[in-house]
Amino acid sequence: MLLSSDNLQVAAGDEGLVRSVESGNDGEVSGSGIDDSIDPELRAAAERARESLEDIPPQVEPSMANNDLWQRLRDGFALDLSVTNERIEQQLNWYVNHPSYIRRVSERASRYMHYIVGEAEKRGLPTELALLPVVESAFDPFAYSHGRAAGLWQFIPSTGKYFGLTQSWWHDDRRDILAATDAAYTYLDRLATRFDGDYTLALAAYNSGGGTVSSAIRRNQRANKPTDFWALDLPRETRHYVPKLIALAKIYQDPAAYGIELPSLDNQPYFEVVETGSQLDLAQAATLAGVSIDEIYLLNPSYNRWATNPDGPHRLLVPTESAEQFRQGLNALPPEHRVSWQNYSVESGDSLIRIARKFGTTTDVIKEVNNMNGDMIRIGQRLLIPTARQGTSAYALSESQRLASTQARGGRSGNGQRLEHTVRSGDTFWDIARENGVTVRQVAAWNGMAPGDPLRVGQKLVIWSQNASPATVASARNSSMVRRVGYQVRRGDSLSAIANRFSVNVRDIASWNNLNTSRYLQPGQSLVLYVDIRNAN
């Protein structure tokens, strides 16, 4: 029996995989047919980049058990996989009916699994935890969820910052394979200690927060009920989160028992870490290593732009078989050739911000390179600016090109009209969605964002609307009387009652506040509402 959509918890990187396996495409991820508004050169590069994520890294013939990474993974299993539960069976049924899904996520994992398993072993952690990125992101290193979580391990900004995963214009450590794996295991280890070595509770806390799990335990204690994971009243997503990992572990422990064949994976490192010493253009790195630039991005997904972070860390992950060639090439390359340079003459109307945007860099980099103490520039002043070695389309997995592909793909789900909206002061996702007859989640998804992400004045958003035009958008804005309202939940309140009172939709309230509609509201809980004051009761 297949899982219903209510029970299947989709990981941040799962959507395309789930759609494709359920439509019978043998796990092929839909990603072709990029919108015609994108430059043809970029279209081809973006398509190639998507295919790279699904490419199987070089495999070997089936090997002996001691050289089989899947067997090494099994050898470190330590959770109780004999447990039986309806929730586990539901997850197992879905996986068994979709073996191509397991194959695809296993292929994605093959770049990273040797490292992730090894780090779990070093810490003495159950190696089932190495499968957690399947649950979190479907092993898509660029996965970004509606809750603002990023990377294989799906850290939200605040938790990532707490564990030292910094974010800047140049990079996002939540997507860094080394740093994020270290942070995830540190977090899981601390949670296991907090819950007396119970990894089911630790995993639940990783998903919904330690406070949520502790509160559920206290409620059961007061009611003289069991306090194990299976007895707790937890958010719906969390109730299915742990069963999903256990179901996966059962399958990887004995795939033949479930009629599933895993791709062969040698127990050898896929990548090596090479110190670069300074900032390096990623296209230059690919040339030196003799690999595609897509491969460089897939191993180093934290980099948002065309080069590594000028502030470090100065390292790159490269395929093991290319590491020595890369080191030799890097040693022979003069430091001044690691990035390209543009000698720019300041023109009338220029500012450091405008120049930085023009050349794909930051004002801080320009000031540092040119030994500037302030932001003042003068017409005719010569500035040395680091620039990308190749054209934009060469960096198809950079943040800007991933965004362009995401914005274009939104039009394939229907026949909507593509509109471009420039964010103005006071704009909210709710305003923009309402004016264009779409949902907040759609606007966010079309632009590679989460509903809780901040909007920036001047930011360009793409909207695919079937019932709006520029004229109707302007009309809606002019007639709108929508106001942001803070509301404190009272005893007896429900989402439907609040929605009726303010003439809004339950799903919108949930979206604005990142709520789970299956959970009860708590008296005193604060909500944000966007209300048309002409309709509120």
Side-chain angles (χ1 to χ4, degrees), residues 10-32 46-63 67-74 94-118 127-128 130-143 151-154 175 177 181 244-245 247-249 251-256 258-271 291-292 294-301 317-322 396-397:
V10 178
D14 272 2
E15 291 90 344
L17 283 171
V18 169
R19 284 195 302 270
S20 59
V21 297
E22 291 186 337
S23 64
N25 290 336
D26 193 30
E28 293 297 332
V29 177
S30 58
S32 58
E47 176 65 18
R48 184 190 69 243
R50 278 193 304 277
E51 291 173 352
S52 295
L53 183 59
E54 303 305 327
D55 282 347
I56 310 173
Q59 301 291 326
V60 296
E61 292 300 316
S63 48
N67 201 34
D68 178 2
L69 185 56
W70 299 126
Q71 185 58 46
R72 178 180 172 186
L73 173 74
R74 296 177 197 117
W94 193 89
Y95 290 132
V96 168
N97 282 279
H98 297 87
S100 57
Y101 182 87
I102 296 295
R103 177 172 60 84
R104 281 299 189 185
V105 294
S106 299
E107 289 165 2
R108 284 184 176 183
S110 57
R111 282 184 175 86
Y112 319 110
M113 186 59 80
H114 184 275
Y115 177 80
I116 291 174
V117 170
T127 53
E128 290 98 332
L131 296 171
L132 197 57
V134 178
V135 181
E136 289 286 351
S137 62
F139 264 104
D140 179 353
F142 300 109
L152 293 180
W153 297 95
Q154 289 289 282
R175 296 195 306 265
I177 304 304
T181 299
K244 193 169 189 178
L245 181 68
L248 284 166
I251 288 172
Y252 280 85
Q253 183 182 51
D254 190 2
Y258 297 96
I260 291 175
E261 183 178 357
L262 298 178
S264 171
L265 190 55
D266 200 14
N267 184 21
Q268 298 293 332
Y270 182 81
F271 61 78
V291 299
S292 72
D294 296 341
E295 184 67 30
I296 293 295
Y297 272 113
L298 288 168
L299 289 175
N300 301 274
L317 276 54
V318 297
T320 301
E321 65 270 17
S322 304
L397 286 178

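Fair warning: this is a prediction, and the values are worked out from it, not measured in the lab. In what follows, every heavy atom counts, from backbone to side chain, and hydrogens, waters and symmetry copies are set aside.
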Presence of salt bridge, Arg103 and Glu261, under 4.0 angstrom: no
Pro99: side chain to side chain contact (heavy atoms under 4.5 Å, CB included) partners, not counting sequence neighbours: Ile260
Residues that Thr181 engages under side chain to side chain donor-acceptor pair (under 3.5 Å), provided they are two or more places apart: Trp153
Side-chain touch Ser106/Trp70, heavy atoms, less than 4.5 angstrom: yes
Inter-residue atom distance Leu131.CG - Phe139.CZ, 0.5 Å rounding: 7.0 Å
Close side-chain approach of Asn267 to Asp68, heavy-atom, < 4.5 Å: no
Atom pair CZ (Arg111) and CG (Leu299), whose distance is rounded to the nearest 0.5 Å: 6.5 Å
Point-to-point distance, once rounded to the nearest 0.5 Å, from CD of Gln71 to OH of Tyr252: 14.5 Å
Minimum side-chain heavy-atom gap Gln268-Thr320 below 4.5 Å: no
Side-chain heavy-atom pair Asn67, Asp266 within 4.5 angstrom cut-off: yes
Spatial distance of atom CD (Glu295) from atom CG (Leu317) [nearest 0.5 Å]: 10.5 Å
Candidate pair Val318 and Val291, rule side chain to side chain contact (heavy atoms under 4.5 Å, CB included), full reasoning: CA-CA 9 Å; Val318 297; Val291 299; over 6 Å; no
Distance in Å, Met113 CE paired with Arg108 CZ, rounded so as to fall on 0.5 Å steps: 13.0 Å
Residues which pass side chain to side chain contact (heavy atoms under 4.5 Å, CB included) with Ala247, listed by chain and number, not counting sequence neighbours: Ile88, Gln91, Leu92, Tyr95
Flag, side chain of Glu321 to backbone of Tyr270, donor-acceptor distance under 3.5 Å: no
Sub-4.5 Å side-chain heavy-atom contact between Ile102 and Leu248: yes
Ring center gap for Tyr115 and Phe271 short of 6.0 angstrom: yes
Any residue meeting side chain to side chain contact (heavy atoms under 4.5 Å, CB included) with Thr127, in chain and number order, not counting sequence neighbours: Leu73, Phe77, Val117, Ala120, Glu121
His114 and Pro269, any side-chain heavy atoms less than 4.5 Å apart: yes
Close side-chain approach of Pro141 and Tyr112, heavy atoms under 4.5 Å: yes
Atom pair OG (Ser137) and CG (Leu152), whose distance is rounded to the nearest 0.5 Å: 4.5 Å
Non-hydrogen atoms of Tyr101 and Ala138 that approach each other most closely: OH-CB, 4.0 Å
